[in-house]
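Computation of the quantities below employed the complete heavy-atom set of this structure, encompassing side-chain atoms and omitting hydrogens, waters and symmetry-equivalent molecules.
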Amino acid sequence: MTMPIPGSEAFSSRPVDPDELARSLPSSLQVHTVTQEQVDALDPLTYEVIRHRLWSVTDEMGEALKRMSGSPIVTDANDFDFAISDELGQEVQVGLYNTMLVGAVDLAIYWTLRNRADNPGIESGDMFLTNDPWVGGGLHQNDVMVYQPVFHDGKLFAWTSAIAHQPDLGGVGLGSFSPAAQDVFSESLPTPPVKVVRGGQLQRDVADLWVRRSRVPMLIGLDLRAKIGANNVGAERLHALIAQYGADTVKAVMKRMMSDAEHRLRDKLTALPDGSWTATGYQDQSHEGDRDLHKITVTTTKTGNHLTFDFTGTDPQAGVINCTYAGMRGGVMLALLPILANDIPWSAGGLMRCFDLVTEEGTLNNATFPAAVGRGPIGPAWLTGSLIAECLSQMLDRDLELGKNVQATCCGTWDTAVIAGLDERGEQPAPFLSIMMEPMAGGYGARPHADGVDTGGLFCIPMGRVPDVEMTEFLYPLLTLWRREEPDSGGPGRHRGGLGASIAFTPHGTSIPMGLVLASAGKAVAQNAGLSGGHPGNSGLDVVARQSRVAEILASGRMPSSLAEISDTLEPGQNYASSYLAPGEVFSMTWQGGGGYGDPLTRDPEAVARDLREEKITADAVAAVYGVVLAGGQVDPAATAAERERLRGVRRDRSRVAGETRGKADLSSVRRVDDNLVEVGSGAGTAVACGRCGEVLGDTGAGPLAVGIYDGAPTEAGPQIIATAADYVDAPVVFRQYSCPSCWTALSSAVVPADHPDRAVTLGRPTVATG
């Protein structure tokens with residue numbers, strides 16, 4: 001008997017047609033479903049009661065996992081999620097934890113139904129385990145999903161799933177992350193779906209095989225059992241719900257939840273003008289030693305009640321900064337859930353019917369096997385989400401009501417630092433490994449009506465938390481010197497981006513150097529973009545202080561508060577690096593705040609003065625970025641007006657003007673485009689004008705606008721640019737600003753490569769005719 005050897009294409013997963021999937025299942029696997037008539041027959045009260053019960057099931061699963069897990073990634077940072085899916089894997093209810101995972105859970109179930117239904121079979125009492133990002137379930141190998149089929153009366157009724165990031169699953173690098181990796185074989189190897197529980201019994205051989213791969217096997221084994229326990233909770237609650245209301249009623253509610261979510265999102269889209277918006281972003285460096293920039297670009301087109309996200313033109317896969325199709329889809333959900341579905345129950349199976357993905361295989365966010373994908377969720381998937389959010393925000397900003405959901409880019413990326421070494425504080429030295437979770441406290445982007453939330457969290461983990469400093473010091477041989485919000489880290493704007501923060505620590509309780517692995521982006525090119533002229537937030541910066549004076553400072557009874565005080569030998573960490581931290585040395589990590597919204601010269605001067613008093617910004621930003629003059633801490637209105645007019649003159653004198661304006665428009669009857677731009681006229685005569693001065697800049701949806709364009713040093717974006725681009729990449733990087741060529745209001749402000757595509761064509765408006 002010969003056995004076929006599956007190629008890499010056998011482990012790829014894509015969305016499927018539910019009817020086609022149901023027809024493909026073997027006769028031995030019976031599934032439970034209901035008719036549309038049964039769905040329509042639901043009474044409203046029963047529907048709402050069961051819908052909320054299903055929501056509570058995912059919450060209970062989350063609490064069960066947190067109580068059983070010993071990993072701070074789960075217990076502190078909430079980097080996990082859950083889902084209840086129907087018999088075919090469509091997600092009915094998801095948790096409010098790591099929402100990027102929502103884009104991958106159903107893919108793994110689809111794959112399992114297609115590839116495991118015959119052999120080894122899908123039966124009651126089974127649970128499957130996978131960490132294969134090409135199959136789905138997670139976005140990289142450290143995302144591990146345990147999921148189970150739930151049967152009723154011999155028929156497959158539903159699926160429950162629990163997924164969490166694991167601290168280490170083997171591979172060359174600490175935390176399974178190898179900054180130099182060129183393929184997946186240098187990382188933790190992906191495991192396609194395998195039965196880890198059979199007939200209700202944990203399969204010890206599979207469990208032993210699984211934990212054997214890790215540098216922290218006890219944590220991995222505990223998390224495996226925690227996920228199994230969480231699934232058991234989910235199944236028990238589902239069976240109780242079925243016993244109370246009947247299987248057909250519960251299933252009808254599940255189908256109705258997805259249908260309602262779909263229809264509500266489609267209604268919202270229908271109310272918006274049709275159009276197409278483009279956003280392009282970059283990852284600086286792809287692996288250890290690389291000095292290139294790598295592009296992801298997306299065009300978002302809204303037609304009627306449907307969205308298309310087209311990633312054509314994205315750069316080929318490279319180094320470790322790749323994600324699979326599941327990661328790209330997870331990035332889309334990162335943006336879509338809070339921006340478009342914030343007031344819609346997150347029944348993801350219905351929401352995902354409202355968009356299509358167009359993508360080329362072998363690219364950064366649709367990488368083919370065996371690409372390295374260790375950076376997947378916090379690199380290309382995250383950037384994908386940020387670019388989608390930028391497009392959706394431009395689309396929604398045209399509507400006063402829906403514009404309340406507009407938000408500049410949040411912290412932009414996750415700054416990764418993995419440490420590992422020997423903890424010598426106990427009776428017996430013990431190895432340790434930790435992922436520093438402090439960047440959970442990222443800055444939120446500014447909005448049209450409010451500043452961003454300072455250290456508010458991550459866009460993709462609504463219920464995320466920053467770890468407790470004392471608990472980190474209890475668990476690991478570290479002494480934290482500071483953890484604080486950083487002034488100026490929020491992007492300047494009419495509304496300021498939320499502040500990011502920094503941490504500095506030194507080894508304490510170990511006599512040997514600890515390994516240090518770094519991975520991030522946004523040091524050379526901003527990933528926390530502003531909107532409508534708002535500036536990007538701060539650049540990230542990692543520094544190792546060699547030959548430090550920290551021991552002497554602490555011995556004197558003082559706590560150091562700056563790197564300059566600690567050492568004269570400050571070594572900036574590259575985006576991707578394998579390094580070390582010796583006793584007596586200090587590591588400092590500064591992560592990113594959110595982008596600003598609107599021209600900083602239009603910010604309320606009193607808000608600027610308040611920010612200075614509260615140490616949200618520095619005096620440099622008050623004068624150079626916001627143009628506010630203070631006398632005795634109080635705003636001088638006349639001097640501020642004069643200074644702002646002078647700064648607009650500086651913009652005029654340094655800029656080149658592209659295109660020709662067409663005179664002034666009547667602003668008494670206009671339609672909003674964004675904070676600065678409006679549409680005037682009607683029909684074929686529709687034009688775009690500056691909403692501040694009325695200058696007509698060009699036709700709607702056709703040709704470039706007439707704008708002032710300036711390219712300068714990145715630091716001209718403000719004191720938040722704390723990293724030097726030339727330390728990381730060879731390509732020139734600039735602060736690019738587009739302004740109205742009449743009143744010199746900033747229309748767009750960004751830190752981008754010098755060859756970044758000209759945005760004057762798409763600035764603040766759709767590139768196709770509006771409906």
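Expressed to the nearest 0.5 Å, how far CD of Glu187 lies from OG of Ser176 amounts to 8.5 Å. Here CG of Asn365 is found 4.5 Å from CD1 of Ile296. Values are rounded to the nearest 0.5 Å. Ser393 OG to Leu340 CG: the interatomic distance, rounded to the nearest 0.5 Å, is 9.0 Å.
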Would you check, one step at a time, whether the test side-chain hydrogen bond (donor to acceptor under 3.5 Å, both in side chains) holds for Asn366 with Glu361?
CA-CA 5 Å; Asn366 188 9; Glu361 291 192 347; 5.1 Å; no

Thr46 and Asp43: CA distance, side-chain angles, deciding distance, side-chain hydrogen bond (donor to acceptor under 3.5 Å, both in side chains) verdict:
CA-CA 6 Å; Thr46 301; Asp43 69 87; 2.7 Å; yes

Go through Lys155 and Glu87 one step at a time and tell me if the salt bridge (charged side-chain N to carboxylate O under 4.0 Å, His left out) criterion holds.
CA-CA 9 Å; Lys155 293 183 178 181; Glu87 72 280 5; over 6 Å; no

side-chain hydrogen bond (donor to acceptor under 3.5 Å, both in side chains) between Asp260 and Tyr47, intermediate numbers included
CA-CA 11 Å; Asp260 279 1; Tyr47 172 66; 2.9 Å; yes

Stepwise, does the side-chain hydrogen bond (donor to acceptor under 3.5 Å, both in side chains) test hold for Ser85 with Gln90?
CA-CA 5 Å; Ser85 304; Gln90 299 176 103; over 6 Å; no

Could you go through the salt bridge (charged side-chain N to carboxylate O under 4.0 Å, His left out) check for Lys268 and Asp343 one step at a time?
CA-CA 11 Å; Lys268 184 179 290 189; Asp343 57 349; 2.8 Å; yes

Between Val150 and Trp159, is a side-chain contact (heavy atoms from CB on, under 4.5 Å) present by the stated rule, with each step listed?
CA-CA 6 Å; Val150 178; Trp159 295 79; over 6 Å; no

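Pairing each heavy atom of Leu351 with each of Ala341, the nearest pair is CD1-CB, 4.0 Å. Nearest heavy-atom pair, Asp126 versus Gly121, reported as atom, atom and distance to 0.1 Å: OD2-O, 3.8 Å. Between Ser161 and Val105, the shortest heavy-atom contact is OG-CG1, 3.5 Å. Listed here is the closest heavy atom pair of Ile339 and Leu392: CG2-CB, 4.0 Å. Minimum interatomic distance between Ala230 and Phe82 (heavy atoms only, all atoms of both residues): CB-CE2, 3.8 Å. Summarising the geometry of Asp143 relative to Pro377, their closest heavy-atom pair is OD2-CG, 3.9 Å, with the distance given to 0.1 Å.
The side-chain heavy atoms of His306 and Leu269, taken from C-beta on, include no pair separated by under 4.5 Å. Side-chain atoms of Thr99 and Pro462, non-hydrogen and from C-beta on, do get closer than 4.5 Å to each other. Here the side chains of Ser434 and Leu475 are not in contact, with every heavy-atom distance at 4.5 Å or above. Looking at heavy atoms from C-beta onward, Trp277 lies in side-chain contact with Lys302 at the 4.5 angstrom threshold. The closest side-chain heavy-atom distance from Arg329 to Pro15 is below 4.5 Å. Using a 4.5 Å heavy-atom cutoff, the side chains of Leu224 and Leu129 are in contact. Side-chain contact between Gln203 and Val196 is absent, with no heavy-atom pair separated by less than 4.5 Å. Using a 4.5 Å cut-off on side-chain heavy atoms (C-beta onward), Trp210 and Leu169 make contact.
If you check the side chains of Gln38 and Asp248, you find a donor sitting under 3.5 Å from an acceptor. In summary, the side chains of Ser24 and Arg114 do not present any donor paired with an acceptor at a separation below 3.5 Å, with no hydrogens or angles considered. At a cut-off of 3.5 Å, with distance as the only test, a side-chain donor of Gln36 or Asp40 sits close to an acceptor on the other residue. Side-chain atoms of Thr455 and Tyr444 form no donor-acceptor pair, as typed in the model, at a separation below 3.5 Å.
Here the options are Asp76, Ile73, Asn78, the test is side chain to side chain contact (heavy atoms under 4.5 Å, CB included), and the partner is Met437; only Ile73 passes.
Formation of a donor-acceptor pair under 3.5 Å by the Arg266 side chain with backbone atoms of Asn305 is found in this model. Judged by distance alone, with hydrogens and angles left aside, the side-chain atoms of Thr130 form a donor-acceptor pair with the main-chain N or O of Thr191 at under 3.5 Å. In terms of modelled atom types and a separation under 3.5 Å, the side chain of Arg225 and the main chain of Gly221 share a donor-acceptor contact. Looking at Arg116, its side chain never comes within 3.5 Å of a backbone N or O of Lys195 through a donor-acceptor pair. Not a single donor-acceptor pair under 3.5 Å links the side chain of Asp81 to the backbone N or O of Ala164. Within the 3.5 Å criterion, the main-chain N or O of Val298 finds no donor-acceptor partner in the side chain of Asp310. Proximity of a side-chain donor or acceptor of Ser347 to a complementary backbone N or O of Val92 within less than 3.5 Å is detected. Side chain of Thr409 to backbone of Gly412: no donor-acceptor contact under 3.5 angstrom is found. Between the Thr413 side chain and the Ile378 main chain, a donor and an acceptor come within less than 3.5 Å of each other. The main-chain N or O of Asp356 is never found under 3.5 Å from a side-chain atom of Thr308 such that the two would form a donor-acceptor pair.
Residues passing the ring-ring contact (aromatic ring centres under 6.0 Å, His included) test with Phe309 are Phe355, sequence neighbours excluded. The salt bridge (Lys or Arg N to Asp or Glu O under 4.0 Å) test applied to Asp132 returns no partner, not counting sequence neighbours. In this structure Asp468 satisfies the salt bridge (Lys or Arg N to Asp or Glu O under 4.0 Å) test with no other residue, sequence neighbours excluded. Applying the ring-ring contact (aromatic ring centres under 6.0 Å, His included) criterion to Phe459, with sequence neighbours excluded, gives no partner residue. Contacts of Tyr97 classified as ring-ring contact (aromatic ring centres under 6.0 Å, His included), with partners at least two apart in sequence or in another chain: Phe80. Residues passing the salt bridge (Lys or Arg N to Asp or Glu O under 4.0 Å) test with Glu91, sequence neighbours excluded: none.
Around the CZ atom of Arg14, the shell of radius 6.0 Å holds more than 12 heavy atoms that belong to other residues, nucleotides or ligands. Within a 6.0 Å radius of CH2 in Trp55, no more than 12 heavy atoms belonging to other residues, nucleotides or ligands are found.
The aromatic rings of His152 and His32 stand perpendicular to each other, their planes meeting at an angle above 60°, with 30° marking the opposite boundary. Between His140 and His165, the ring planes lie tilted relative to each other; the angle falls in the 30° to 60° range.
Here Glu48 pairs with Arg51 in a salt bridge; the nearest charged N to carboxylate O distance falls below 4.0 Å. Ionic pairing of Asp86 and Lys255 is present here: one or more N-O contacts between side-chain nitrogen and carboxylate oxygen are shorter than 4.0 angstrom. A salt bridge is defined here as a Lys NZ or Arg NE, NH1 or NH2 lying under 4.0 Å from an Asp or Glu carboxylate O, and Glu123 with Arg198 fails to meet this definition. A salt bridge does not link Arg53 with Glu60: none of the charged nitrogens is closer than 4.0 Å to a carboxylate oxygen.
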